[in-house]
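Everything quoted here is computed from the prediction, not taken from an experiment. All ligand and atom numbering here is 1-based and tracks the order in the structure. Hydrogens, waters and symmetry mates are skipped; everything else that's a heavy atom, side chains included, is used.
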Amino acid sequence: MISLDPKTVLFMTTLMSVAMAIVMYSAHANFGKEVKGLDRWAMGLLALVGGGVTFMLRDYLPQTPLLLATNFLLFAGLGLSMIGTQEFFGRPPAWRVYWGIVAAGFALVAWFFVVRPDFAARLTVVSAFVFYFYAEQARLVWRYGTSHFSTRFFGTLITIQALVVLVRFGMALRAMVSHIDLIRDNTVTSIYMGIGNFMALMLTVAFMTMATRRLQTILEQRSTHDPLTGVLNRRGFALFYEYQRLQMRRAGKPMTLMEIDIDHFKAVNDRFGHMVGDKVLAHVARAVRETLRETDDVARFGGEEFIVLLPDSDERNAMLAAERIRDALRRFADIQLPMVTVSIGIGCHASDEESLDALLARTDAALYRAKQNGRDRVELAT
Ligand SMILES: Nc1nc2c(ncn2[C@@H]2O[C@H](COP(=O)(O)OP(=O)(O)OP(=O)(O)O)[C@@H](O)[C@H]2O)c(=O)[nH]1
């Protein structure tokens, strides 16, 4: 039978928490801009480490100030992880609630320690506020989290932790009301602290897993999308095209390309500057995307030209879509931005054998004709 000394367990989990805090800080330094909340979690963990240290020192130094410090650091640390999770999910951090709980929790604990010593009352206060910190995070995960394993893992752990604390709160409250003397065994408290610290450590690992997953999604998105307009880039388009080509071929359905070029865009840049030019590009991309069907997609390979892929569409459908785009640009006119028109070339895959490059070349020729014939118009590839 393995016998674990609670003090050693507490000591080890405290040490591991320091290591985890370093991991979190370095993750924050590397991708803190993309994934929020990691720095709060790291700070929170360090506060819990501080709490573990003050708790361990209580046998050697004056107890009261050390236990008060332990409770303060516990509130501060767990509260910071709540703030971190709020930031992670893009919610406004509840600093007022945070400071309210830290101050009120500390004041009540101090009262039941110094003025009217009552262990059960102290435990009630601590578990009530700690429960709030965990429950709020559980709410956020289930409400705003994705359905990925990492989110579910974190969500499940934090929910279990919230329930454990709730049970402890219930027991402490009962003891407080009926004046039952709870066992104030140092070993029991140490075990509880050890398990609590271990859970905090596990939650940190789970939060890191969630953060890594978030980063992976962001990087994937970046490698396939154009940062200025948010539409697909060349790589993203190639993947989308390959997938749709297979689907349409199997189903024997047509597929059409549209090449959209903003008219006299150089003049927009020259007159209003590059910044306004960029905004016009983003505006046109948005207008095009909003006009299309769910199954269509837009890409920007660079410059002021967009490529649209319309699966399950022939030239006639594409023609209608192109007119809708021209119309949308007139209707969505943004008063902050100069009005622009577009020229559009349309090309439908002539046969199963035709390559993307060949289709692009034909569509490009159609676009060139649209420009030659006066711009702000649509031409079909021959
Ligand atoms: N603001 C901005 N301008 C860009 C970007 N990429 C390309 N451009 C500009 O787009 C302009 C394209 O000009 P041209 O190819 O001469 O075509 P145009 O002025 O639109 O004229 P037509 O296409 O013939 O109607 C150039 O001035 C490029 O500098 C970009 O990312 N941002």
Counting only heavy atoms not in [X] (residues, nucleotides, ligands), do more than 12 fall under 6.0 Å from its [atom1]?
X    : atom1 : result
R271 : CZ    : no
K279 : NZ    : no
M208 : CE    : yes
F11  : CZ    : no

Looking only at heavy atoms, is any part of [X] under 4.0 Å from ligand 1, and if so is it the side chain, the backbone, or both, or is it neither?
X    : value
D270 : neither
D261 : side chain
N269 : side chain
Q372 : neither

Check whether any N or O atom of I262, backbone or side chain, sits under 3.5 Å from an N or O atom of ligand 1, and answer yes or no.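 Yes - when backbone and side-chain N and O of I262 are compared with those of ligand 1, one distance drops under 3.5 Å.
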
By number and element, which atoms of ligand 1 are closer than 4.0 Å to a non-hydrogen atom of L281?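 Going through ligand 1 atom by atom, the ones under 4.0 Å from L281 are 30 (C), 31 (O), 32 (N).
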
Show the atoms of ligand 1 that are less than 4.0 angstrom away from any heavy atom in G277.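 Those atoms are 1 (N).
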
When R300 is tested against each of N233, T229, D226 for side chain to side chain donor-acceptor pair (under 3.5 Å), which residue passes?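 The single option meeting the side chain to side chain donor-acceptor pair (under 3.5 Å) with R300 is D226.
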
Can you tell which of W41, Y134, Y144 makes a side chain to side chain donor-acceptor pair (under 3.5 Å) with T85? W41

Is there a donor-acceptor pair closer than 3.5 Å between any side-chain N or O of S17 and the backbone N or O of T13?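 Yes; judged by distance alone, with no hydrogens or angles, the pair exists.
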
For [atom], what's the nearest protein heavy-atom neighbour? Residue, atom name and distance, please.
atom                    : answer
atom 7 (C) of ligand 1  : G303 CA, 3.5 Å
atom 24 (O) of ligand 1 : R375 NH2, 2.9 Å
atom 20 (O) of ligand 1 : F265 N, 2.7 Å
atom 32 (N) of ligand 1 : D278 OD1, 2.6 Å

Do L74 and M199 sit in one hydrophobic cluster, given that two such residues count as connected whenever their side-chain heavy atoms are within less than 4.5 Å of each other, even indirectly?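 Yes, same cluster.
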
Separation between NE2 (H283) and CE (M339), nearest 0.5 Å, reads 8.0 Å

My understanding is that we take every heavy atom of each candidate and find the minimum distance to atom 16 (O) of ligand 1. Doing that for H274, E304, K371, K266, which one comes out nearest?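 Nearest heavy atom to atom 16 (O) of ligand 1 lies in K266.
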
Would R300 count as a contact of ligand 1 if the rule is a heavy atom under 4.0 Å away?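 Within the 4.0 Å threshold, so yes.
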
Distance below 4.0 Å between atom 14 (P) of ligand 1 and any protein heavy atom? no

